[in-house]
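No experiment lies behind these values; they were computed from the predicted model shown.
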Amino acid sequence: MTTAANKAKMLPYRRQGEIDYASLEFDPDTKHLTPDAMEQNREIAELLGLFKARFTDFDRRPDVFLDNETYICYDPGNLNVRISPDIYLAFGVDARAIRPRKIYLPWEVGKPPDWALEVASESTAQADVRRKPAIYATVGIPEYWRFDPTGGRYHGAPLYGGILRGGAYQPVDLTTEPDGILKGYSPVLELSPAWDEGWPRLYDPATGTYLEGWREIWQARLAAEARAEIAEDDLAAEQRQRMAAEADLAAEQGARLDAEAARAAEQRQRLDAEAEAQRLRELLRRLQSGN
C-alpha cells in the first residue's frame, strides 16, 4: 500500500568510489546477530513480514529499502564507525543500488534511513536504551522505536517511540486500550506500532484495524478449522438422519412387501381351495351321472 510516507521521489544513488572491504573490521556479508538472538527472532520476523507486505510489496518495490541486522556506516572517513539496527526502513531511495554495496552509506544513498527499531534482549538492552539513541540521532534517523517482549524487564518499558527534534528523540505519546494493548502513532509509518501481551502488532488508524500478521493468520486458520469441524459434524448428523430415514423407508417397504406376499399366498390358497371344490363337484357330478 502506498502512503504519504513512501510517495517521495526516488533519490539517485551517488556511488563514491570502491569500498575496501578487506580493511573493514567487520564482515558486511554477515548479519550482526547477538548471542541471545532467539529472544528477538520471532518478533523481528513478524515485523519484517508486516513491513514487507505493507511497504515493499514483498521486496518488489525499488524505492523502499527494508533490512535487519545489517550495518549503517555514518562516518565517510571511517567505515568501521557503524551501527546495526534490528530493523530499519528507508523510503524514496534506490534499494537495488544499496544492496550490492553491502552496507548502508547515507552520503551515497542520499539520506539516512527513516525509521529504526530495536527489539530487546538481555545482551543488547543497555545499548538500546543508553547508547543507540544518540547514534541514531547523529545519523539523522527521524524515528527510533524500541520493543520489549518481556513487558519492560530489559528496556524499562514495553514500547517506546521517539521522534527526532532538535538533535534528540522526543517520546511519542502511548495509549493503552481497554484490552491492554499499548500503542503509539508513528508519523513516518502512518501506523501505530503496538505491544500486545509481548507480541508486536501494527494498527492502521485509517481503517481502524490491525494489519494481518502470523497470529491473525493462525487465528483465522483455527476459526476456519473449527467451522469446518462443525460443518463436518452437521453433515455427519444429516447423513445419519438420512440413513435412519432410508432404513425406516426400507423397513416400511419390507413390511408392505411382506403384506403383499401374505395376501398373494392367501389368494393362492383361496384359488386352490376353489379349484379343489370345483374338482370335487365335477367328480360328484360324474358319479351321479353314472348311476
Flag the pair [X] / [Y] as yes when at least one side-chain heavy-atom distance between them is below 4.5 Å, and no otherwise.
| X | Y | value |
| --- | --- | --- |
| R131 | I83 | yes |
| I44 | I87 | yes |
| V109 | I98 | yes |
| I141 | L164 | no |
| F55 | L189 | yes |
| K111 | D114 | yes |
| E118 | T124 | no |
| V119 | P149 | yes |

Taking only residues two or more places apart in sequence, or in another chain, which ones meet [X] in a ring-ring contact (aromatic ring centres under 6.0 Å, His included)?
| X | answer |
| --- | --- |
| Y74 | none |
| Y71 | F26 |
| Y136 | Y144 |

Hey, does the side chain of D63 reach the backbone of G92 with a donor-acceptor pair shorter than 3.5 angstrom? no
Treating W115 as the side-chain partner and P142 as the backbone partner, does any N or O pair qualify as donor plus acceptor under 3.5 Å? no
Can you hop from [X] to [Y] via hydrophobic side chains spaced under 4.5 Å?
| X | Y | answer |
| --- | --- | --- |
| V129 | L174 | no |
| L66 | L11 | no |
| V139 | Y13 | yes |

Any chance you could lay out the side chain to side chain contact (heavy atoms under 4.5 Å, CB included) test for L50 and L211, step after step, and finish with the verdict? CA-CA 7 Å; L50 291 169; L211 303 191; 3.9 Å; yes
Closer than 4.0 angstrom, basic N to acidic O: yes or no for D196 and R201? yes
Is the shortest side-chain N to carboxylate O distance from E46 to R42 below 4.0 Å?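 No, E46 and R42 are not salt-bridged.
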Can the ring centres of F65 and Y104 be said to be less than 6.0 Å apart?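 So the answer is yes for these two rings.
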Smallest separation among heavy atoms of [X] and [Y], with atom names:
| X | Y | value |
| --- | --- | --- |
| A194 | F147 | O-CE1, 3.6 Å |
| L191 | P193 | O-CD, 3.4 Å |
| A157 | D148 | O-CB, 3.4 Å |
| A137 | G167 | CB-O, 3.6 Å |
| E190 | D204 | O-OD1, 4.3 Å |
| V188 | E143 | N-OE2, 2.7 Å |

Set of side-chain hydrogen bond (donor to acceptor under 3.5 Å, both in side chains) partners for K102, sequence neighbours left out: D29
Nearest-0.5 Å distance, [atom1] of residue [X] to [atom2] of residue [Y]:
| X | Y | atom1 | atom2 | value |
| --- | --- | --- | --- | --- |
| E282 | L287 | CD | CG | 10.0 Å |
| W195 | E43 | CH2 | CD | 11.0 Å |
| Y169 | R146 | OH | CZ | 10.5 Å |
| N41 | N68 | CG | CG | 9.0 Å |
| L202 | K183 | CG | NZ | 12.0 Å |
| L47 | W199 | CG | CH2 | 8.5 Å |

Would E108 and R14 count as a side chain to side chain contact (heavy atoms under 4.5 Å, CB included) here? Give the steps. CA-CA 5 Å; E108 291 191 352; R14 303 187 184 282; 5.5 Å; no
For [X], check salt bridge (Lys or Arg N to Asp or Glu O under 4.0 Å) against everything at least two apart and list the hits.
| X | value |
| --- | --- |
| D57 | R60 |
| E18 | R15 |
| R99 | D67 |

So, using side chain to side chain contact (heavy atoms under 4.5 Å, CB included) as the criterion, who are the partners of [X] when residues are at least two apart?
| X | answer |
| --- | --- |
| Q126 | R130 |
| D248 | none |
| P205 | Y185, S192, Y203 |
| S123 | T34, P35, D36, S121 |

Just wondering, are more than 12 heavy atoms of other shown residues or ligands nearer than 6.0 Å to CD in E177? yes
Given I103, which of I72, T70, L79 fulfils the side-chain contact (heavy atoms from CB on, under 4.5 Å) condition? L79
Under 3.5 Å, which donor-acceptor pairs link side chains of residues 250-276 to any protein atom two or more places apart or in another chain?
from	atom 1	to	atom 2	distance (Å)
E276	OE1	R279	NE	3.2
E276	OE2	R279	NH2	2.5

Run the side chain to side chain contact (heavy atoms under 4.5 Å, CB included) check on V172 and Y160 step by step: do they pass? CA-CA 7 Å; V172 169; Y160 166 86; over 6 Å; no
Classify the side-chain pair S84/E69 by whether it contains a donor and acceptor separated by less than 3.5 Å. no
Side chains of Q288 and R285: donor-acceptor distance under 3.5 Å anywhere? no
